[in-house]
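What follows is one structure encoded as structure tokens, with my remarks underneath.
Here is the naming used below: chain letters follow the sequence lines, and residue numbers restart at 1 for every chain.
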Amino acid sequence: MSVLPRSFYERDPAIVAKELLGKILVRRLGSESLSGKIVETEAYYGENDPASKAYKGRKKFNELMFFDVGKAFIYMVHGNWLLNIVAHAKGDVGAVLIRALEPQEGVEIMQRQRKANSLNKLTSGPGMLAKALAITKELNGIDVTERSSELFIVEGVMEKIQICSSHRIGVKIDLPQDLRFFIMRNKFVSKPRK
DNA sequence: AGGAAGATCTACT
DNA sequence: GTAGATCTTCCTA
């Protein structure tokens, strides 16, 4: 399967978020390989998005959002690491939050990273998936368009998926438009409705 | 130094 | 299903 090229991420975050659904996130861990299908995402913008980490302008910890499209932007919230992929049009600011995966390879290892959780709770939330794939600050800034990276995203198998949208989860002040996208009737989506 | 933060787990009704 | 404690950085004072 081919790795998604950098140009894939050089578009409006909402478009990238929508098109990332059904793609495969791969985590290389030594000789092991963990992977999962992306089933839920959210788009975040820059200075005009109150929920965005970039809202208050460029800081040291968020500067990735301003430049390197196609890289991982990882930060901690409430004791959980959250994985974003930097994505925006040229000269713009933004990122896509990966909210949920459907586990594929390395399920046993993922279960070991967490505490022997049931399969449908393994990666159905942004903090859970990061833990299951051993994603931490160490991977911040990693290039997901490089197959040699410890973390990258590949084209999934072509399949028909139905995409739903909703407002974003857990944000204080949301934008009027729907910026959360997920695959309809997929049981690994964190919150099917709302 | 103190608090907020894009969440999760546990313990209840 | 809903409520509350707790998770660990970074930001602001």
So, with a heavy-atom separation below 4.0 Å from DNA chain B, the residues of residues 45-54 of chain A are A/A51, A/K53

Discussion item. What I want to check is whether an N or O donor and acceptor connect the side chain of A/N84 with the base of B/dG6 at under 3.5 Å.
Written reply: yes

_Side chains of A/H88 and A/D12, heavy atoms from C-beta outward: is any pair under 4.5 Å?_
no

A/R28/A/E150 salt bridge by N-O under 4.0 Å criterion
no

Practice prompt. List the steps, then state whether side-chain contact (heavy atoms from CB on, under 4.5 Å) holds for A/L122 with A/V107.
Written response: CA-CA 9 Å; A/L122 195 56; A/V107 176; 4.0 Å; yes

Rounded to whole Å, NE2 of A/H78 lies from C1' of B/dG6 at a distance of 9 Å

Separation between CG (A/L25) and NZ (A/K37), nearest 0.5 Å, reads 13.5 Å

Testing C/dC11, B/dC9, B/dG6 for proximity to the side chain of A/L82, the answer is B/dG6

With the side chain defined as heavy atoms from C-beta on, A/Y44 is closest, among B/dT8, C/dC10, B/dG6, to B/dG6

A/K172 NZ to B/dG6 C1', in whole Å, measures 10 Å

Here the gap from A/L83 atom CG to A/L139 atom CG, rounded to the nearest 0.5 Å, amounts to 8.5 Å

Interatomic distance, CG@A/L151 vs OG@A/S35, rounded to 0.5 Å, equals 11.5 Å

Check whether any side-chain N or O of A/K60 sits under 4.0 Å from OP1 or OP2 of C/dC11, and answer yes or no. no

- Query: Taking C-beta and beyond as the side chain, do A/Y75 and A/N84 meet within less than 4.5 Å on heavy atoms?
  - Reply: yes

A/W81 atom CH2 is separated from C/dT8 atom C1', nearest whole Å, by 7 Å

- Query: Where do A/R99 and A/T41 land on the side-chain hydrogen bond (donor to acceptor under 3.5 Å, both in side chains) test, with the steps shown first?
  - Reply: CA-CA 5 Å; A/R99 286 193 55 87; A/T41 58; over 6 Å; no

To the nearest angstrom, the CG-P distance between A/L122 and B/dC9 comes to 10 Å

Between CE of A/M76 and P of C/dT6 the distance, given in whole Å, is 17 Å

Atom CZ of A/R58 and atom P of C/dC11 are separated, to the nearest Å, by 13 Å

With a 4.0 Å limit, can you tell me whether A/R114 has a side-chain N or O closer than that to the phosphate oxygens OP1/OP2 of B/dT8?
no

To the nearest angstrom, the NZ-P distance between A/K59 and B/dA5 comes to 14 Å

All stems that DNA chain B takes part in, i.e. 3 or more consecutive Watson-Crick or G-U pairs with distances under 3.5 Å, are B:1-5 with C:8-12, B:7-12 with C:1-6

Against the side chain of A/P126, the closest entry in B/dG6, B/dA7, C/dC10 is B/dA7

In whole angstroms, the gap separating C1' of C/dC7 from CG of A/N80 amounts to 7 Å

| message | Do the side chains of A/K187 and A/E102 get close enough for a salt bridge, i.e. N-O under 4.0 angstrom? | response | no

